[in-house]
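Numbered from 1 within each chain, the chains take letters A, B, ... in sequence-line order.
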Amino acid sequence: MHRSRLLPLTLLASLVGLLVAAPLAGADFLTPESGGSSNADDIDTLYKYVLAVAIVVFVGVEGVLFYSLRKFRARKGAVAAQIRGNTRLEIGWTVGAALVLVVLATLTFIKLGDIRNPPNSGPDGLELADGTLVANTKEKLPPNGKSLDIEVNGQQYVWRYTYPDGDQNQLNNVFAYEEMVVPVETTVTLDIRAQDVAHSWWIPALGGKMDAVPGYTNHTWFKIPASKAGQTFRGQCAELCGRNHANMVARVRAVTPQEFERYLAQRKADIQAANQAAERQRREQEATGGQPGGNAPQGENPTGESNNPVPGSPGGTNEDER
Amino acid sequence: MAATVEPTPTLPSAVPVPQVVTRKVEREPSGFLSWVLTTDHKKIGIMYLVLTFAFFILGGVEALMMRLQLSQADNELLTPQVYNALFTMHGTTMIFLFVVPVMAGFGNYLVPLMIGARDMAFPKLNALSFWFLAMGGLVFYASIFFAPPECGWTCYSPLSDNDYLPSGGVDAWIFLVHLTGIGSLVGAINFYATIANMRAPGMGWGRLPLFVWTILVYSILLILALPVIAAAVTLLLTDRHFGTHFYDPANGGSPMLWQHLFWFFGHPEVYIMVLPGFGIVSEVLPVFARKPIFGYKAVAAATVVIAFLGLLVWAHHMFTTPSPTLVLVFFMMSSFLIAVPTGVKIFNWIATLWRGTIEFKTALLFSAGFIGTFLIGGITGVFLAVFPIDWQLHDTYFVVAHLHYVVVGGAVFCIFAGLYYWFPKMTGRLLGEGLGKLSFWLMLIGFHVTFLIQHSIGLDGMPRRVFEYPDVGNLELYNLISTIGSFILAAGIGVTIINVWRSLKNGAVSGPDPWKGNTLEWFTESPPPTVNFDTIPRIRSVEPMKDIRRQIAQQTSGATALAQPAEAEAGRVTQGA
Ligand code: HEM
Ligand SMILES: [Cu+2]
Ligand SMILES: [Cu+2]
């Protein structure tokens, strides 16, 4: 009879082989990406728990299946046992399956808090003045209520980021496209919105994705450890948003808090300079009888901005309106 | 039909065969017209099967084109517009024009035969259902000459609104949903009425064949889910063309409304696709294991429980949308719950094999391949039900892999099992076993090569519905493997097509009951006559054919043998040819 055990054994062996080979084949052969933020790491851990349970179930069930297919093939003289069922067995595996799921649910609830709720910023993080850098939303905040709250706005086919600057007026804030620069050791909370169609914000190493749905604000957070300063994390839009969906990429560059403050100041100056240039040009054009409010080159100001604001997205972020 | 059937009271001949006396008034249409005008459930069933397999091939060609595009990083074979149209056409075709209606095809052919009825309850409505399906397919595919839809089979708003996709493709998609929806709805009511009212004497609910149970539940789910999608696409249509704002957030509407309505239909749709497959396997396994199904009641009950829970899990497709944690937890738990009856079914199938004497015919191979493959789809489903994990996996190739493990591993393998199992009943000829087994192994290997690696593609960060990807990490290698697999899979399907083609003319003659089946369809000739049965036996168990064979065995030891069942026995002679 030992031959009939061969199949499940080979199955098991190849599975173990696969597990061993996995790290060689690349870090994320069997598990999600992680390493940029503790929520991504926690999801990764939770995934590994589920994977462990899954492997046991998989090997067990496939094992019995292959065993019976081998062992009970029709042979001369073999007679099929005319069994119609077994209530005890039936109850047994129903309860068994339910128990496995209770275990998985428990593990999820244990991990859920750490994944969903942002922690406080580290001592070396960006100095967040009390209350001022906090967004005025209903989202989950760190226990001390302080986070760097960045608005993420999805639009065909680019991500736009608006940084907080202390006052509630978002119209004059620093903004950027595609690459988000953030300080390490600082809890960054995101207000995710969309301006045209639905998109989905996703930087795999920084945690799960969150959809940007027009008319709604979605939230997530990340906190990049100090050791990752200088690193860039990549991701891309994960909800079909049109023909260029595949190229709607996003980057998050982690820098030290000092560099971050310098970056913000620089951006602010750049944007102001660009706006002034645009303003000047417009006045000149008007003076010479050109098209008022026409297609004056607007420097950093993108032309793709919609003029009819969608509720939930920053109303009229158009720089011209100042 | 002007035919009436009467057992002739006195017979001149010695053989006591019940005679069919027809007083024909009109000529039966023949040739092409006999198909177009038919209201015979068997002909309609075959038209369903042929039409849906044609759509399966179309959808498969679309899939191969996508896989070709993805075989290389930064490939420029297809434009993003064409790629988006392809996955929209592929997903829509496979779901609305293949898997759901092919089950109606099997159901149409088999339900009346299995319950001992002469036809469906409403034969004309039955024909109407089929023609609605055909029209839906026609309207949808006509759009490729204009502008095919590009919004995916989920057609999320606002992308599907006029502002972003003004072309008529989305409208064609809406009409497809309406037309196939009406067809399915009418068909579902027909199935329900047939099964509820036309069962053979003695066939109580506890003796209903499991395939018929699943068609019953399939029908109920269709009746519950289809009106919702019909309403949802109607709102979309009026948003697009008549100035309403149901899904428009700028005017008080909500894109989330679309998602909820869509998935309230969309998730039951998954069970609409797989439950009849479960039914096919529940018929095939006992026959080839030569053992009764293990836990008939548990399997039937699990079908009903899955259907009920299937109506309560829709928002597990929306874990990444802005939703309260409580909602996420509810839908995680309900999705967990549904894994229990599904697991019970798998255990029962394996227990049916246990201590049987298994004959490895092609139909059994596909059924066993289904169990082993579908299990993986079920397990990855549990990963996706854990919503924090889903935040990483949602809308990636992990989901593409999961959904194909469920719909190909779960439905397509069962459909092929059903094809090999019932082809002799429908045509009177057996499909070749050699080609059948070749087809099975190519499909099994091709399937796993294509889709197993896609889990890793998703874990590596590649979203679904992208026409190109950068050459980072192992993405290109993984995708190439997947593309190669898809061609092996296609070759396997091709072998079965050749097999069908050849066997129609040259297959071994099967006789009425080549497999020693358990259910009533094997009681009549292959293919069955228009009226299906000359006499309908009284049903005494879930396996009426076993009872009949036993009865014959007793009677043949005596002198008087009934001609009809004796004929049923003749089929065995040609078996295995
Ligand atoms: C026969 C082999 C098949 C192959 C090689 C295949 C391949 C593919 C590919 C390449 C995609 C596109 C992935 C993306 O870009 O996101 C896809 C999507 C899909 N497939 Fe298949 N597929 C097959 C069979 C099926 C079957 C039988 C079904 C039955 C229901 C099915 C249902 C779907 C659905 C629903 C989608 C999603 C479409 C969307 O994103 O809107 N596929 N498949
Ligand atoms: Cu996108
Ligand atoms: Cu679902």
Side-chain angles (χ1 to χ4, degrees), chain A residues 25-26 28-29 31-33 43 46-47 50 54 57-58 61-62 64-65 68-69 72-74 78-85 90 93-94 97-98 101 104-105 108 112 115-116 197-198 200 204 208-211 213-218 236 238-246 310-312, chain B residues 80-81 84 152 156 158-159 164 249-250 254-256 289-292 294-296 298 320-322 325 332-333 336 339-340 343-344 346-347 350 353-360 368 371-372 375 379 382-383 386 388-389 391-396 456 459-461 463 465-468 473-474:
Chain A
D28 300 307
F29 188 65
T31 56
E33 290 177 52
I43 292 178
L46 182 56
Y47 179 97
V50 181
V57 173
F58 173 79
V61 179
E62 298 280 1
V64 181
L65 174 65
S68 24
L69 285 173
F72 304 114
R73 50 173 58 235
V79 183
Q82 298 301 303
I83 318 164
R84 293 193 173 266
E90 212 74 68
W93 59 45
T94 308
L101 292 163
L104 291 182
T108 307
L112 184 58
I115 297 170
R116 188 78 152 159
V197 302
S200 188
K209 62 183 70 64
M210 281 297 154
D211 290 357
V213 182
Y216 292 82
T217 304
N218 213 343
Q236 69 187 88
E239 176 68 58
L240 177 67
C241 54
R243 291 187 190 159
N244 244 334
H245 167 56
V310 176
Chain B
Q81 181 183 358
N84 285 10
Y156 272 19
L159 183 61
Y164 303 102
S254 160
M256 292 281 283
R290 300 273 164 251
K291 239 189 98 194
F294 190 90
Y296 168 88
T320 57
T321 59
T325 308
M332 172 176 80
M333 297 311 286
F336 273 1
V340 175
V344 166
I346 290 180
F347 297 146
I350 296 178
L353 294 172
W354 189 265
R355 292 186 61 197
T357 50
I358 303 168
E359 281 177 45
F360 283 86
I371 301 175
L375 175 72
I379 290 177
V382 173
F383 281 82
V386 180
I389 294 180
W391 290 340
Q392 283 287 17
L393 305 180
H394 179 72
D395 262 340
T396 68
S456 298
L459 291 166
D460 241 2
R465 295 172 169 179
V466 291
F467 78 102
E468 65 174 9
N474 292 317

Is there a side-chain contact between Pro322(B) and Thr217(A) (heavy atoms, below 4.5 Å)? no
Max heavy-atom pairs within cutoff under 4.5 Å with chain B, candidates Val213(A), Val57(A), Val197(A), goes to Val197(A)
With a 4.5 angstrom heavy-atom cut-off, which part of Phe467(B) approaches chain A: side chain, backbone, both or neither? both
Heavy atoms of Phe294(B) and Glu90(A) approach each other most closely as CE2-OE1, 3.8 Å
Shortest non-hydrogen contact between Ala238(A) and Pro463(B), atoms and distance: CA-CB, 4.3 Å
So does Trp354(B) get a backbone contact from the side chain of Ser68(A), meaning a donor-acceptor N/O pair under 3.5 Å? no
Value rounded to 0.5 Å, distance of NE2 in His245(A) from CG in Leu159(B): 10.0 Å
Do Thr320(B) and Asp211(A) have a side chain donor and acceptor closer than 3.5 Å? yes
Could you report the tightest heavy-atom contact between Leu240(A) and Asn84(B), atom names first, then the distance? CD1-ND2, 4.0 Å
With only heavy atoms counted, which part of Leu375(B) is less than 4.5 Å from chain A, the side chain, the backbone, both or neither? side chain
Donor-acceptor contact below 3.5 Å, side chain Gln81(B) vs main chain Arg243(A): no
Run the side-chain contact (heavy atoms from CB on, under 4.5 Å) check on Ser254(B) and Tyr216(A) step by step: do they pass? CA-CA 9 Å; Ser254(B) 160; Tyr216(A) 292 82; 2.7 Å; yes
Look up atom CE in Met332(B) and atom CG in Leu112(A), then write down how far apart they are to the nearest 0.5 Å. 7.5 Å
Check the pair Leu65(A) / Leu353(B) against side-chain contact (heavy atoms from CB on, under 4.5 Å), numbers first and verdict last. CA-CA 8 Å; Leu65(A) 174 65; Leu353(B) 294 172; 3.8 Å; yes
Go through Pro204(A), Ser200(A), Ala97(A) and name the one with the most non-hydrogen pairs under 4.5 angstrom from chain B. Pro204(A)
From Arg73(A) atom CZ to Thr357(B) atom OG1, the distance as rounded to the nearest 0.5 Å: 12.0 Å
Side chain from CB out, backbone as N, CA, C, O: work out which of these in Phe347(B) comes under 4.5 Å of a heavy atom of chain A, or both, or neither. both
Grab the two heavy atoms, one from Ala368(B) and one from Leu69(A), that are nearest each other, plus how far apart they are. CB-CD1, 3.8 Å
For the residue pair His394(B) and Lys209(A), what are the closest heavy atoms and their distance? O-NZ, 2.7 Å
Atom of Pro32(A), atom of Leu459(B) and distance for their closest heavy-atom approach: N-CD2, 3.6 Å
Under 4.5 Å from any heavy atom of chain A - which part of Val344(B): both
Arg84(A): what forms a salt bridge (Lys or Arg N to Asp or Glu O under 4.0 Å) with it, not counting sequence neighbours? Glu543(B)
Given a strict heavy-atom distance threshold of 4.5 Å, which part of Thr108(A) is in contact with chain B: side chain, backbone, both, or neither? side chain
Short question: side chain of Lys291(B), backbone of Gln82(A) - any donor-acceptor pair under 3.5 Å? no
What part of Val61(A) gets within 4.5 angstrom of chain B, counting heavy atoms only: side chain, backbone, both, or neither? both
